[in-house]
Structure formats: structure tokens, C-alpha cells
There are 2 protein chains.
Amino acid sequence: MLFTGTHIHKLDRKGRVSVPKRFRAALDNEEFAGIYLYQSHKESALEGCSHSHMERIAASLDELDMFSDEADDLADTILGSSHMLPYDGEGRIILPAELIEFARIEDQVAFVGRGRTFRLWNPDIFKPLQEASRTRTLNRGATLKLKPMAELPKGARPGTSDEEDAS
Amino acid sequence: MLFTGTHIHKLDRKGRVSVPKRFRAALDNEEFAGIYLYQSHKESALEGCSHSHMERIAASLDELDMFSDEADDLADTILGSSHMLPYDGEGRIILPAELIEFARIEDQVAFVGRGRTFRLWNPDIFKPLQEASRTRTLNRGATLKLKPMAELPKGARPGTSDEEDAS
DNA sequence: TGGGAAATGATGGGGGTCAATGGGATTTGA
DNA sequence: TCAAATCCCATTGACCCCCATCATTTCCCA
């Protein structure tokens, strides 16, 4: 379950767009055949995730004080503004007009993997941003501290399996 | 069982409103074919939930000191003022006049998912509030500490079902 | 190793189905 | 007996299923 790479697909005149095969494959075992999308907080982009990821968000919100202001805001912003989008027979979703407008998407959509989640962009907007962030990363000499293998969930390590083999 | 998204439906002149298909689907296994609504204690909105969630609230109240003022207040506001609303043949409920008035609902109702629960709003009132939530979330740099997958209820994780045991 | 064939993913579009809505008819209950 | 709730059916428009085509990639074999 990992979203990687950038995939550019066409938005047809019915408002449909194919979800990249790789992304669909990453969602194979989900109980819901489709994806969730919501508006990004900081970017002119859409955040995408799986059903189980959404469950995880809900479960985490549940833990916060049921009456806290922060939980309220997060619920409104994420759960309240998310769209549950099922695939059609060909693995496409219908991109709601509201989201098309928010992300200023025209006739093409870039699916950008971010590991457990992904983003949808207007490719023309994403490209320059991607280059900028690449330059920043290089200049900063950023390093990422990797988690030891042993702490990874089962199924994410070679030689283990979560259910059946996912080779 | 997850309520997500915002769904705006019409309140007809008989005081009926369709419960969104997605919400009804989330309540499929409930013993009661309908929803519960009560007045929110901090917003001009209605809180909605399932029968089993209502049971959960009752159970939580049990744990509070039975004679505490807090328990009294909560019992009055939630259990005492809640309405049990069955669907008609088309999946609609009748919105009681008392609740319409409280939430200042006119001819449209917004069903807003919040995970285990949902809220009903006058869309014109909700919209600006949701914008404000978004802004606060952004400024606060709020991040939600996600619960580890392993602690999620079974059936909420890919590759598990709540039927049999998945080691 | 190159070229052609087959498989697979992406795209376009028609039409049937179902959710949302409106309103009349019948039943229930005060 | 009247009002309100429930049942029932009609309408409509959005969405989903289906199929046809096109573009790639993969595979196979010379």
C-alpha cells in the first residue's frame, strides 16, 4: 500500500478521470472500491486517500475530547469536506465540480504519490512547484532518518505477508 | 460505518428530507431503520447519529456520577431532547418543527459527516463556518496524530473483515 | 535483438437505472 | 372528526454499467 510516482491523466467531458492502475493496485484489499478526496489546506491541490486511512482519521478524532474545538475544526475540514468517489467499471472516478474548481483543474489531472496518501493537481500548477521544492531540498541538504525495518508493519517487509503474498 | 462529506438536500413542504444514500448505507446493519437527532449544545445545528451510537452515549453517561450536575445536564440535552426518526419508504425522515426552528433551517438541509456522527445545518449558516474552520486549522498548523493501524477496529483495515479472525 | 502480435490500460460515449423529489391517497391516533 | 403520519406512485435527472476504440506496453519468436 504505497502511492508513488506522478501520473497524468485526462479529464473527459463527463468529468471523469482514470485512477492510475498503480494506485488502484495499492488499494486492492480495501472494502470500498474507490478513493476519498478533499481540499488541501495549504496547496491548490486535492488530498487523496483510502477508505482505511479515512477510518484512521475518524478513529483518531474520536479519541480527542468529543467536545473540543480542535476536533470540531478538523472534522469539518477533513471529514465534512471529503468526497467518497467510487470507481466505475473502468477504474475511473467522477471529479466533483467543486473540487475541479478548487484545484483549478482543466483538462488534465496529475496524480502524485506521497506514500500513504496522494495528491491531485493541475499539472501546469504542480510542475513549477515540484521543481522549486526539489531545489529547496537539495540546498537544505535534507536527510531523512529512516525507521528501522523491525518497526514497520508486517507486510511492508520482505519475507513477511499481511494476508496473502503481495509480490 | 463512516459518515463523510457534505450532502445538501431539500426540505419539502411536508417537512420531509431525504437522508443521503451514503449515510443510509453506513447504517445498514442497525436494528433501527432511521436516525437520531438532537440539538447541538454549541452550534446552531443538529447532531445526528445511529441507534448504537446513542447506546454508547447512554453507557458513557452511566459512568459519570449518577447525581452529578454534569450528568444531569448531558442527560437532559442529549437523551431528553433527542428525536428518533424512522425512514419512510423512500429513505426520508420528517424533521420535527422544533428542530427546524432550532437550527434555523429553511428549504435546504446540509448533512455533514463527522465520522461516527454527523450534523444537520442550514447550508447558508454552515458554509462560512466551515471556511473559518479551514482557516483556523491552517493557522494552527494542526496535525492529527493518527492512531496506529493495529488499534483500529477489525474491518476498518485492509485485508481484514469483522467476520472471522485475521491473525 | 528487432519486429510483430497480443494483452492491458486509458478514453469516449449511449442508454438504462436508481436516488431524490413531489404530491395524492389511505391509515392512524388524538 | 380532523390532523398528521405513512404508504404509494410518478417524474426527472444524475450517475453507473456497458461496449467500442485507441494507445502502450509486454511478450514471443524468428
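First the proteins, then the strands, lettered A, B, ... as listed; each starts at 1.
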Base, sugar-phosphate alone, or nothing: which one does Val19(B) contact when heavy atoms must sit under 4.0 Å apart? sugar-phosphate
Looking only at dC17(D), dC16(D), dA10(C), the nucleotide nearest the His9(A) side chain is dA10(C)
How would you label the contact of Arg24(A) with the nucleic acid (heavy atoms, under 4.0 Å): base, sugar-phosphate, or nothing? sugar-phosphate
Which pair of heavy atoms, one from Leu11(A) and one from Glu106(A), lies closest together, and at what distance? CD2-O, 3.3 Å
With respect to the phosphate group of dG13(C), does any side-chain polar atom (N or O) of Arg13(A) fall under 4.0 Å of OP1 or OP2? yes
Please state how far atom CG in Leu95(B) lies from atom C1' in dA4(D), giving the value in whole angstrom units. 16 Å
Counting distance alone, no hydrogens or angles: does the base of dG14(C) have a donor or acceptor under 3.5 Å from a partner atom on the side chain of Lys14(A)? yes
Please determine whether any donor N or O and acceptor N or O are separated by less than 3.5 Å between the side chain of Glu90(B) and the base of dC9(D). yes
Can you tell me which residue among Asp72(A), Thr77(A), Ile78(A) is in a side chain to side chain contact (heavy atoms under 4.5 Å, CB included) with Leu74(A)? Ile78(A)
Under 6.0 Å from the CZ atom of Arg24(B), do we count more than 12 heavy atoms belonging to anything else shown? yes
Any N or O donor-acceptor pair linking the side chain of Arg92(B) to the base of dG22(C) at under 3.5 Å? yes
Taking only N and O in the side chain of Ser18(B), is any of them less than 4.0 Å away from OP1 or OP2 of dA19(C)? no
Any side-chain N or O of Lys21(B) below 4.0 angstrom from OP1/OP2 of dA19(C)? yes
Between Ile8(A) (CD1) and dT11(C) (P), how many Å, whole number? 11 Å
Rounded to the Å, how far apart are Arg16(B) CZ and dC8(D) P? 14 Å
4.5 Å side-chain heavy-atom contact, Ser18(B) and Glu90(B): no
Heavy-atom nearest nucleotide on DNA chain D taken for Gly89(B) and for Gly89(A); more 5' hit belongs to Gly89(B)
For the pair made of NE2 in His7(B) and P in dA20(C), what is the distance, rounded to whole Å? 9 Å
In whole angstrom, give the distance that lies between atom OH of Tyr87(B) and atom C1' of dC7(D). 18 Å
Nearest whole angstrom, please: distance from the C1' of dT27(C) to the CG of Asp88(B). 15 Å
